[in-house]
Amino acid sequence: MKTHRAVRTPGGLSLRVDVRTLVVGTLLLLVALTASVVLIGTGDFPIPAADVVRTLLGEGDPGQEFIVTELRLPRVLVGLLVGASLGLAGALFQSISRNPLGSPDVLGLGQGATAGALVVIVLFSGTANQVALGALVGGLATGFAIYVLAWKRGVHGYRLVLVGIGVSAVVTAVNGYLLTKSDIVDAARAIVWMTGSLDGRDWDQVWPLLALCAILVPLVLANSRGLRMMEMGDDVSYALGVRVERVRLVLMLSAVLLTAAATAASGPVGFVALTAPQLARRLTRSPGPNLVPAMCMGAALLVTADWISQRAFGAEQLPVGVVTGVLGGVYLLWLLVTERRAGRI
């Protein structure tokens, strides 16, 4: 059975399409959208899925329109954007490092963003917007430090992962120190933020993250061919005309920005960036970065985890970061066992 087809556009451009990848990506997108509709209808005032869709199309009654568009839709959109951003960032780092453990969770970018947020909370008692800005700056600073420390005639594979693990350990220690120096009010606020949650998210978090994704996603996809070539090795990539270090720098910067922005919007939601690309790769059975399926998988995972956090524990609502942490921890243990049996670690 042919899994690839060539599609020729009217302008004469020929594109090679992996049919299975296209089908999997489409199905994952449908899962994410369906879970979003169900989540919007969930709450103290339940709304049937048909009414949710009708309201989103502008045909709902005023009460439903207020609940859907003002109270629940922003939270769901933040969940979709954060999940997609983390899924894409994880796929980029895993492809660049050629390591399934090369995700923002392991490399310390989430911890770096957390450090920036804690500095603002503990030292300056900043507002929510200032905390988000601090998280963005902290994530960028950590990504810069990892890139500089991992540089030795280029940034390669396990060196990137090992440097990231070391930076993560240092930043985690700094975060613990900041917590011990904070008063009880700031410490409680910091712990809530560090858990990772979508509670209280509104349009102020949606628009900046949406704008950043609108810029970075096309940029990443435009460099996807170079990324695919780089998985065959730098020498082969150079021979095929790929400007390896330039492409690597652009993609790493994009991944850092996506991770930092997602963390700024929702707090450090763990393991989505680690699991989404791997699950997408197993479903597509396709080599390469699988960028679009990873995005769709990340969005579906986070929205589904948010539904579980709200409904699976009765009246007790858990932060979404707790649910992704539990599920991701189980997946990480399975991945480590699998990699060990395969002799790769």
Side-chain angles (χ1 to χ4, degrees), residues 77-97 102-120 128-151 155 160-161 163-164 167-168 171 193 196 201 204-224 226-227 230 245-274 276-277 289 291-292 294-296 298-299 302:
L77 288 177
V78 170
L80 289 171
L81 291 170
V82 168
S85 299
L86 293 177
L88 180 57
L92 288 172
F93 274 118
Q94 290 177 13
S95 182
I96 290 171
S97 65
S103 79
D105 303 300
V106 177
L107 297 180
L109 293 175
Q111 291 87 338
T114 300
L118 287 180
V119 167
V120 175
N129 289 334
Q130 291 170 339
V131 171
L133 180 61
L136 186 63
V137 173
L140 288 173
T142 304
F144 177 76
I146 293 172
Y147 187 84
V148 170
L149 293 174
W151 174 271
V155 177
L160 178 66
V161 176
V163 169
V167 170
S168 175
V171 176
W193 190 89
R201 298 307 183 263
D204 289 339
Q205 284 81 41
V206 173
W207 297 122
L209 189 53
L210 181 61
L212 187 67
C213 288
I215 296 172
L216 293 181
V217 171
L219 177 64
V220 168
L221 295 181
N223 287 275
S224 61
L227 182 63
M230 286 163 53
E245 287 307 321
R246 177 179 177 276
V247 172
R248 184 178 286 130
L249 178 60
V250 169
L251 294 178
M252 284 189 64
L253 178 60
S254 299
V256 169
L257 279 170
L258 288 167
T259 304
T263 305
S266 65
V269 178
F271 290 106
V272 173
L274 175 68
L291 299 180
V292 174
M295 288 176 56
C296 297
L302 193 52

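One-based numbering along the sequence shown.
Residues Leu109 and Thr263 are not in side-chain contact: their nearest non-hydrogen atoms beyond the backbone lie 4.5 Å or more apart. Side-chain contact between Val120 and Leu133 is absent, with no heavy-atom pair separated by less than 4.5 Å. Proximity of Phe93 to Val256: side-chain heavy atoms (C-beta onward) are separated by under 4.5 Å at one or more points.
With Arg248 contributing its side chain and Ile96 its backbone, the two residues share no donor-acceptor pair below 3.5 Å. Here the side chain of Ser224 pairs no donor or acceptor atom with the backbone of Val220 at under 3.5 angstrom. The closest donor-acceptor contact from the side chain of Ser95 to the backbone of Ala91 lies at 3.5 Å or more, if one exists at all. Looking at Asp105, its side chain never comes within 3.5 Å of a backbone N or O of Gly270 through a donor-acceptor pair. Ser168 places no side-chain N or O within 3.5 Å of a backbone atom of Gly164 that could act as its donor or acceptor partner.
When every heavy atom of Ala135 is checked against every heavy atom of Ala260, the shortest pair comes out as O-CB, 4.3 Å. The minimum heavy-atom distance linking Leu92 with Ala255 is given by the pair CD1-CB, 3.9 Å. Scanning all heavy atoms of the two residues, the minimum distance from Val269 to Gly196 falls at CG2-CA, 4.3 Å. Across Ser103 and Gln94, no two heavy atoms sit closer than the pair CB-NE2, 4.0 Å.
Here the CG atom belonging to Leu160 is positioned 5.0 Å from the CE atom belonging to Met252, to the nearest 0.5 angstrom. Atom SG of residue Cys296 and atom CG of residue Leu291 lie 11.0 Å apart, to the nearest 0.5 angstrom. Between the CG atom of Leu251 and the CG atom of Asn223 there is a distance of 5.0 Å, given to the nearest 0.5 Å. The distance from the CG atom of Leu118 to the CD atom of Gln111 is 11.5 Å, given to the nearest 0.5 Å. The distance from atom CG of Leu216 to atom CG of Leu253, rounded to the nearest 0.5 Å, is 8.0 Å. Once rounded to the nearest 0.5 Å, the distance linking OG1 of Thr259 with CG of Leu86 reads 6.0 Å.
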Stepwise, does the side chain to side chain contact (heavy atoms under 4.5 Å, CB included) test hold for Leu257 with Leu140? CA-CA 7 Å; Leu257 279 170; Leu140 288 173; 3.4 Å; yes

Decide yes or no on side chain to side chain contact (heavy atoms under 4.5 Å, CB included) for Leu81 and Leu212, but give the supporting numbers first. CA-CA 10 Å; Leu81 291 170; Leu212 187 67; over 6 Å; no

For the pair Thr114 and Trp193, evaluate side chain to side chain contact (heavy atoms under 4.5 Å, CB included) and give the outcome as yes or no after the intermediate values. CA-CA 9 Å; Thr114 300; Trp193 190 89; 3.8 Å; yes

Between Leu221 and Val292, is a side chain to side chain contact (heavy atoms under 4.5 Å, CB included) present by the stated rule, with each step listed? CA-CA 9 Å; Leu221 295 181; Val292 174; 4.1 Å; yes

